[in-house]
Structure formats: structure tokens, C-alpha cells
Protein chains: 4
Amino acid sequence: MTKKTLKQNIYEIIFEADTPVGKVFDITLLIAIILSVIIVMLDSVHDLAAKYGGVFSIIEWVLTILFTIEYILRIYSVKKSSKYIFSFYGIIDLLSILPTYIGLFLVGGHYLMIIRILRLLRVFRVLKLARYVTAARSLGSALNNSRAKIIVFLEVVISVVIIIGSIMYLIEGPENGFTSIPVAIYWSIVTITTVGYGDIAPQTVLGQSLASVLMIIGYAIIAVPTGIISSEMIMGSQKKGKTAQVCQNCMFEDHDEDAKYCKKCGEKLS
Amino acid sequence: MTKKTLKQNIYEIIFEADTPVGKVFDITLLIAIILSVIIVMLDSVHDLAAKYGGVFSIIEWVLTILFTIEYILRIYSVKKSSKYIFSFYGIIDLLSILPTYIGLFLVGGHYLMIIRILRLLRVFRVLKLARYVTAARSLGSALNNSRAKIIVFLEVVISVVIIIGSIMYLIEGPENGFTSIPVAIYWSIVTITTVGYGDIAPQTVLGQSLASVLMIIGYAIIAVPTGIISSEMIMGSQKKGKTAQVCQNCMFEDHDEDAKYCKKCGEKLS
Amino acid sequence: MTKKTLKQNIYEIIFEADTPVGKVFDITLLIAIILSVIIVMLDSVHDLAAKYGGVFSIIEWVLTILFTIEYILRIYSVKKSSKYIFSFYGIIDLLSILPTYIGLFLVGGHYLMIIRILRLLRVFRVLKLARYVTAARSLGSALNNSRAKIIVFLEVVISVVIIIGSIMYLIEGPENGFTSIPVAIYWSIVTITTVGYGDIAPQTVLGQSLASVLMIIGYAIIAVPTGIISSEMIMGSQKKGKTAQVCQNCMFEDHDEDAKYCKKCGEKLS
Amino acid sequence: MTKKTLKQNIYEIIFEADTPVGKVFDITLLIAIILSVIIVMLDSVHDLAAKYGGVFSIIEWVLTILFTIEYILRIYSVKKSSKYIFSFYGIIDLLSILPTYIGLFLVGGHYLMIIRILRLLRVFRVLKLARYVTAARSLGSALNNSRAKIIVFLEVVISVVIIIGSIMYLIEGPENGFTSIPVAIYWSIVTITTVGYGDIAPQTVLGQSLASVLMIIGYAIIAVPTGIISSEMIMGSQKKGKTAQVCQNCMFEDHDEDAKYCKKCGEKLS
């Protein structure tokens, strides 16, 4: 094994998780990210901000400086800096540190806080363990395969929601809280998804009847996306376990992934 | 290729989506439909109507005239006008333009608005892309195949809702908001579908106990339509595993992939 | 065909649905049942009862007399009267007519009303069409096969609900609406089933955190009964389509129900 | 059959359910556990505690003494006492009796009550019937196999909830009930799980729009865990279709029903 350059070493530690040092780095980063997100959250609680605002500020600065060093090392160690900088995670990494610096010059950087929350997305990079990647990929492919069906389903749901919302606006009217069609559609969505806040609720007999229909539609229709995803996942798992190998003796094709011999004629598979 | 008549050209642009011009037409129509639906919605918001009522009115008129031209061209270009006019989309197309004209003569055409919302259904015609049609057909066939099971399920749900609603009316009574059996049934539906507005909620110990039973029924019973649809969809996707072979003797079509002989007449398959 | 006795004729009309007269009888009965249930419902609405109470009373009496005649004819036409009388539907039939007669002698027969609602269950007898019976049987067998799993699931849900409810009673206490452990358990059920009335809602930070955990449990755990039922139904449909026949020539076993010839060797199946 | 010692007899009665006496013991224990949990619950209802507090106290003491005897007998009859004492159920058994004794010396043992509720977990031990154990094991293995996918799913849900919650805090602000980011996240969870208490609900147009998106995400995303569990369960039941054959050459066990040769070593299966 040839000696590695410093650049290669840094790359392995930061971007990979196979070495012990890489693992320590990942776990440290994970803790730092979660800590920084918790700080943003707690800082929004009035009482805590009044009491511990100073502490929060110090922790935030320490973490930001650490993230900045990490960001610089990433740019340094990667082969093509520009490719990293403009990648999804490159931008997230930059957005994680920028708000704190901007906050120095800009008073009332209230809205910058939300950008700091985006640091959370960096957690997904740390979780690069093989089993989670496989799981995520199989979930993603199931969602991807059923895209057309889900779009058709959403179109139907949106149409039902808009049409029933508009009818409810006519039936109930502004005096019962349905002040406009957009509000009535908002109520429709609250109802069809079975969330049911109850801030707006039908008062007339006709309105309650139509609401009942909408609820039962929403209750029964949830079966459709569930059926779509279930069926895709089952298809996915059934495919996964099979190889495309063909037995050269009896031409039998349906071999399991772990098969070494044809289960029909006993011929060795290549 | 023979020269096409104007009629044929218009037909291809309006009814089909294969040509570039046809695609442009479809996208324009899609935008016009969505815009017109948004205008109806915004027009129902009191503040916006007061401020931009004039602008909304102009856009509405422009769109209506465009839709009218489109409607006339559809009647002109189609082979059998009467067949189009009385088809589902023909009626929707007519309903899309009528309300605006009627509004000229009729004051207080408040209820006509809702008919204008039905324009939304025209969106489904524009989405005639092969993949969405296939997806919609496979969803539709899954729902269709499970019709009998879904009807049985709905009967059981409706019976549970009526019987528990009536018992709740006796238990809770008008003083706790259960003013009549229909209202109590409305509450039952709100509860079994897990919507739970909270505008009516049981107050007595007995009522809360029965409500708990109803909630758990509703929570567990959702598994039934989901199971029905999932199972139909999986059956549907597994059928794709059939060959497209047709028996040359008896014309039977539904052969398994591994079939060598027709299972209906015993003829060898090619 | 031998001549049928009057008894046999009545039996065929009332208990079977194959003859045209039997179908007319069934539909009439269906309408009468639904009408009588609607009357009970409307009679509970104060305003309607005040206005149309007399009409409701007359319709109720006419329907009760019809149901009484039907009940007597059923007893007369059936082979073993006692067996019918003490069967499930025999008792429901009796309960359908008794309350109205008892109401004559008993003042304030408020609670008898609920028994009249049970007439609704008679609807299920009328729906004896083959396809619905098959659908109901396949749903029933799926539920029956998954009984043990569903019981385990419900035990876990009930334990979670009781334990988290008790903890919430300690955390939130009577001052936030959690007045006793039973009330807190009621709230737990409202939350885990995602009904969420909002009549009781956690106020403390700790309470809201525990509530969040309970919600996510409830949201994710619904997947379990759904998975159970889906898997049973798919197993059910996959079994259904197959016969137990074996090809006498090549001993192949996996034949579809509609197969007349072996798909492997073309031999006729018996 | 050799004569059993007293210790063996006690062991069989307490730990097993095959003998008639063992069954009687189990049912008695089940009733005692449920009774004691109900007593804890009722004791928390103010009115009942005031009236029947004395009776509750006596029943509690009788049950505690019975549980104590049972606990001692378990320690006595089991082979390795220490192993039982530190096992999961050993600790639960101890926690079931301790609080009542501690309550003697400690005034205001309000929090001990919750520990007494944990007795409920002992119910699971009594339910050691084969069919429930099998059902629980198959549910457990389905959940276990889909662990990676469920973790990925939960990560995505938690990220969505945190990010949308933070944005809502900015949009709605403290004046509409979103007093801090943690509260806004609590609202997000209430919404995405479709619980929808309605104690906090968006008031602004932008807030309601984002809430609508969150609801539809929550409504559609429930399909994912459902699909995961369904697919695992179906895979689980299909494995049952495997034979119990073991290859006599390499001892491999997981053969398909139609396998004639071992897929690992090519040995002919009997």
C-alpha cells in the first residue's frame, strides 16, 4: 500500500465512513448538527432565549466555526472543488454557515434562522451506511415506479377537494366560517385528509351531509395510495431475490440470488 | 400522404396531442383552465373582489370567449357533432361557458359560479398522455374489481355508524350536543373516519367509552379497504406476467407465461 | 314439475330471490326497512317531530303491521318454526315489530326507539345476491384467518394506551383537563387513533412531547393491521383461483380453476 | 412417570399452561391483574375515591399479598432464582408489588401509582398460548425485517416536521399560537399524523396553504409504512410455501417447494 497524501487522508476521513477515524468524525458531526438544530429551536422559546441567550450564541458560534473549517476542508480535499460547491450537499453546507456570519452585519436576521434549520438535511449525508442506503433506494424506486399512478390519484383528490369546497362555500357561506372558496378548499383538505381541526365545521344539515360524504371518501380513498405503494414494494421485493441467470443444462430461469446450482436439474450455475 | 382538409387539421390540433401544434394547444388550454378556476376562487375572497373585481371580470370574459371559440371548433371538426355535444366532455364544455353568458341577463348569479368551477374537470381531458391513461385505467380496474367487497364494507360501516349514532343520542342526549339522531350519526361518521372535529364530543363516561370503541373500530377497519385495494392491485400487476399469446384453436387469450398448451382446448401453443 | 303448495310458494317468495315475485318482495322489503329507519331518525329531530309527528306515527304503524304480517308468514312457511324464531334473524324480526306495540301500553318508550333502529340489520338478509355473499365471505375469512394477529395487535395498542394515558394523567393533571386516569386513557385513544377531537389537549412541554410520541406511534402502527389484512387477502385470492386437480399424465398440479386441459402436457383434466 | 417434587409441581402450575390446574392458575392471575389495574384507574376518579377509597384500599392489599405469594413461589420453584429475578418479567413482577409496600411508609406516593399500572404488562406472560405466540413472532419478524426502511421513513418524517414547523413559526408567529419552534413542531406532528386537535391552527393564507401541503403529505405518506409492513408480511407468508426439506449433503434448509436439487451444492433432494 502506497503512502497517502494529506489530501487523500482528509478525504477519507470526511467523505467516507470505513475507517475508525472516519466513523468518529461522522458521529461528531452528527452530534454537532443535532446540537445546532436544538439550539435554534430553544432560542425561539422566549423564556429560554431571555435566560440563556448568551450561552446559545456562544455554542452557535463555536459550531459555525467548526462547520466552516469542515466546509473548507471539504473544498480542499475533494478532487473537483467546483463540482462539490455546486452539488446539493455543497449548497446545504454553505447555507449552514452563512446565516451566522450575515447575522453579524444584519440586524433582525430573524428569517436567517430558518436557513440554519436546513442544517438538518446534512444528517442524511452522515447516514451513509449501506443498509440505510439500500432501504432508501428501495423506497425511492417504489415511489418512482408508482409516480404516474400517484399523480393521477392526486389529481382526483385535488379536483374533489376544489369542487366540494366550492359547493360547501355556497351551502354554508361566510356566516358559518366558510368566508371564501380558498378557505372552503382549505376546510376540504382538512376534512378529506381526516385531520379535522374543527376551527371551521359545517353547521347546516346539508353541509354536514356533504361533509359526511367527503369524510367517507377521504377515509376510503386512502386505500388507493396504500395499495399503489404496497403493490410496488411487493413487486420490488419479488424481483430483488432473483438473478437473471439461466441454467445452461435445462434452461430453467427462475433462480434465487443465492442459488449456485439449478434447482431443477442440479447443474452448476456460472 | 394525402393533403388534409382544414377540418382534419383542426381535429388533430384540438383532439390529439401527437403534433407539436397539438401539444402547444393542450398546454395553452391547460393554463387557461387553471387560470379561470383560480379567478373564480379569488373572486370569492371579499377583499380581492372589491379591489380587483374589474380585472377578474375582464379575464373571465376573455377566457370565456376563447372557450366558446374552442367549443365551436370542436363541434365543427368532429365527425358526428351530436355525439360530441351529448358526450360527458361535451356537456362539461358547454357548462364551462354558459354561466358567464347567463350572468349577463341574470342578476345575482351567485350559484352559477359553482358551475364555472366544473371547468376543472376539463383538465382530465388534456392529460391524455399514454402513461397517465394506463395508470388511471389500472387504478380504475382495481377499484372496479373490488366493487362488491367495497359495497359490503360500506354497508357494514354505514350500519355501525347508524346504530352507534342512535345509541349515542340516547346516552348523551341534546344537552351534550347530540340534538337528534341525524346529528349523532354525523358525529359517528366524524369519529369512525378519524376526522374528529371536536365540535360535538361525548361528555358522559358511558358516551366516552362507546366513542372509544367506535374510534378503535374506525382505526382498525381502515385496514379492510386498504387490504382489498392492495390485493386487487397486486393481482393486477401479477397478471402482467401473462403472455400475449392467443390459442390458434379456440382463441382463448389468458395464458400463463409458462403454459405450453392451451388450458381450455389442449391445443399446443406456439 | 309438481304443483307447489301455498306454503312452498310463500317460502319461495319470502326466503328466496330467484323468482320475479321474490325479487319484487325483496325490493319492497328493502324500501320498507330503509323508510322505517329514516322515520325513526327524523322523529328524533325536535322541529320535525313537532310538525309531522302524526304522519310519522301513521307510517310507523303501517310498516309495523306489514312487518308483522311478514313475520307471521315467515313462521308459517318455514319448515321448523322454532328454529327460525330463535335464529339471529328471527330475533331481529321480532325486535323490529315489538317496540311499536309495547309503545301502546308504555308511556315514554324513548329507549324502544333504539330497538327499532336494529331493523337496519334486516337489510343484510335482503342482500343475498351471490356476488355480495362471496365478497362478504372472502372478507370474513380474511378477518378470521388474521384473528390471532389482530388480537395481539389490539393487546399492544390497549397496553400502550393505558400506560401512556396513566403517565399523561401524572404529567398534565386535572388542571389541564386530564381529570382522572380513565379520562386520560380516553384522550390516549382519541390520539392514537388520530381522531383528535381537541376537547382535551396537553398543555405542558413534557405532555406535548409524550403526545407527539403517541401520535407517531398511532400513525405508524396503523400499518400493522393493514399489513395483516392485505397479506391475508392476497393469500386468499391466490388460493381461490386454483383447483386441487392433478394432471393424470404429467402429474402437474398448479392448475387454474377454469382449466380444462393441463397447461404443461395438454392432457384433458377430469 | 416418576413422582414429581413439590417444586416441580409448583413450577408446572405457575410457569406452564398445559395442566388443568395451570390453566385455572393463569385465568385467576389474569383476572387479578385486570382487577388491580381497574382499581388503580378508578382510584384516580375523585368522586369514586372519596366514596369507595376504603374498599379500593382493601382490594389492593389483598391483591398485593397474593402477588407477593406468587412472586415468592416463582423465585422458589424456578431453577436459577437470580436469572428469574433479573429477567424482564422478574423485574415487572417486583415492580407490581413494591409500590403498595412503599406507600405504607411514604406519604403522597402519587407517582407510585404509575408503577402499579405496569402490572398490565404481566398480562402478556399469561397469554402464552401457541397461536398468539406464533402471531406475535410473525408480527415481530415483519417489523424487524423492515427496520431499516422504517428508520429511513421516520427520518424523512422528522425532517419534514422540523423544517415545516420552523417555517410555520416564521409565517404564523406567536400571535397565532405558534409561540416557539418546538410548539410549531408539535403542531406539525399533530397535523402530519392527521390527529388535528385544533388547539393550534394556522390563521394566515400562507400558513393555511403550507398546512394543506403538510396534510396531503401526511395523508399520502402513510402509504409508505403500510406498504413496507404489507410487503414484509406477504413475503413472510409466502416463505411458508417452502418445504421443510434439508439437503443431506450440505444441510442447507431454505428450499422452494418445487426444488428437486439443492440450490447450494447440487445434491438431489429426496
Side-chain angles (χ1 to χ4, degrees), chain A residues 37 40-42 44-46 110-111 113-114 117-118 120-121 123-124 127 131-132 134-136 138-139 142-143 150 153-154 157 182-183 185-186 189-190 192-199 218 222 225-226 228-230 232-234 236-237 255-256 258-268, chain D residues 146-153 155 158-159 162-163 166-167 169-170 174 179-185 190-191 194-198 201 203 205 208-209 211-212 215-216 218-220 222-224 226-228 230-232 234-235 238 254-256 258-268:
Chain A
V37 170
V40 177
M41 284 185 200
L42 295 182
S44 78
V45 182
H46 195 264
H110 194 50
Y111 290 90
M113 183 201 62
I114 219 62
I117 283 279
L118 291 179
L120 193 69
L121 295 174
V123 166
F124 287 98
L127 295 163
R131 54 183 311 181
Y132 294 110
T134 311
S138 103
L139 283 181
L143 287 173
I150 287 174
F153 169 73
L154 281 181
V157 168
V183 166
I185 289 170
Y186 166 69
I189 294 173
V190 169
I192 207 173
T193 58
T194 78
V195 170
Y197 286 134
D199 50 349
I222 183 71
T226 306
I228 295 169
I229 304 282
S230 296
E232 271 313 323
M233 284 195 169
I234 288 159
S237 357
H255 297 294
D256 294 341
D258 59 347
K260 284 177 191 152
Y261 293 87
C262 173
K263 70 178 178 183
K264 285 290 181 201
C265 70
E267 180 78 12
K268 203 172 185 334
Chain D
S146 45
R147 212 178 38 217
K149 280 182 193 161
I150 287 175
I151 288 173
V152 169
F153 170 73
E155 270 168 27
I158 290 169
S159 303
I162 291 177
I163 291 170
S166 307
I167 298 173
Y169 168 68
L170 284 188
T179 46
S180 67
I181 293 186
V183 166
I185 290 171
V190 169
T191 300
T194 78
V195 170
Y197 285 135
Q203 305 296 326
V205 173
Q208 293 183 339
S209 308
S212 301
M215 283 172 220
I216 289 174
Y219 182 65
I222 183 72
V224 174
T226 305
I228 295 169
S230 296
S231 121
E232 272 312 324
I234 288 159
M235 293 298 118
Q238 279 178 347
D254 193 28
H255 297 295
D256 292 343
D258 59 347
K260 286 179 191 148
Y261 292 88
C262 173
K263 68 180 181 184
K264 284 292 180 199
C265 70
E267 180 79 12
K268 203 171 186 333

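Every chain is numbered from 1 and lettered A, B, ... according to where its sequence line falls, protein lines coming before strand lines. The structure displayed is predicted, hence computed values, not measured ones.
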Checking A:I222 against chain D: side chain, backbone, both or neither under 4.5 Å from a heavy atom?
-> both

Side chain, backbone, both or neither: which part of A:I185 has an atom under 4.5 Å from a heavy atom of chain D?
-> neither

Most heavy-atom pairs under 4.5 Å with chain D, out of A:L139, A:L154, A:V157, belong to A:L139

Chain D contacts, top residue of A:T193, A:I228, A:I229, A:V45 (heavy-atom pairs, under 4.5 Å) | A:T193

Under a 4.5 Å cut-off applied to non-hydrogen side-chain atoms, are [X] and [Y] in contact?
X      : Y      : value
A:L118 : A:L121 : yes
D:I158 : D:F153 : no
D:M215 : D:T194 : no

Sequence neighbours excluded, the answer for side-chain contact (heavy atoms from CB on, under 4.5 Å) partners of A:S44 is D:Y169, D:S180, D:I181, D:P182

Based on non-hydrogen pairs under 4.5 Å, which of D:S146, D:S230, D:S159 is most in contact with chain A?
-> D:S159

Max heavy-atom pair count under 4.5 Å with chain A, selected residue of D:I150, D:V224, D:V205, D:V190 = D:V224

In chain order, what residues pass the side chain to side chain donor-acceptor pair (under 3.5 Å) check against A:Y197, with sequence neighbours excluded?
-> D:W187, D:T191

Per-residue contact mode, D:I167 against chain A (heavy atom under 4.5 angstrom) = both

D:K149 NZ to A:M233 CE distance, which is reported to the nearest 0.5 Å | 5.5 Å

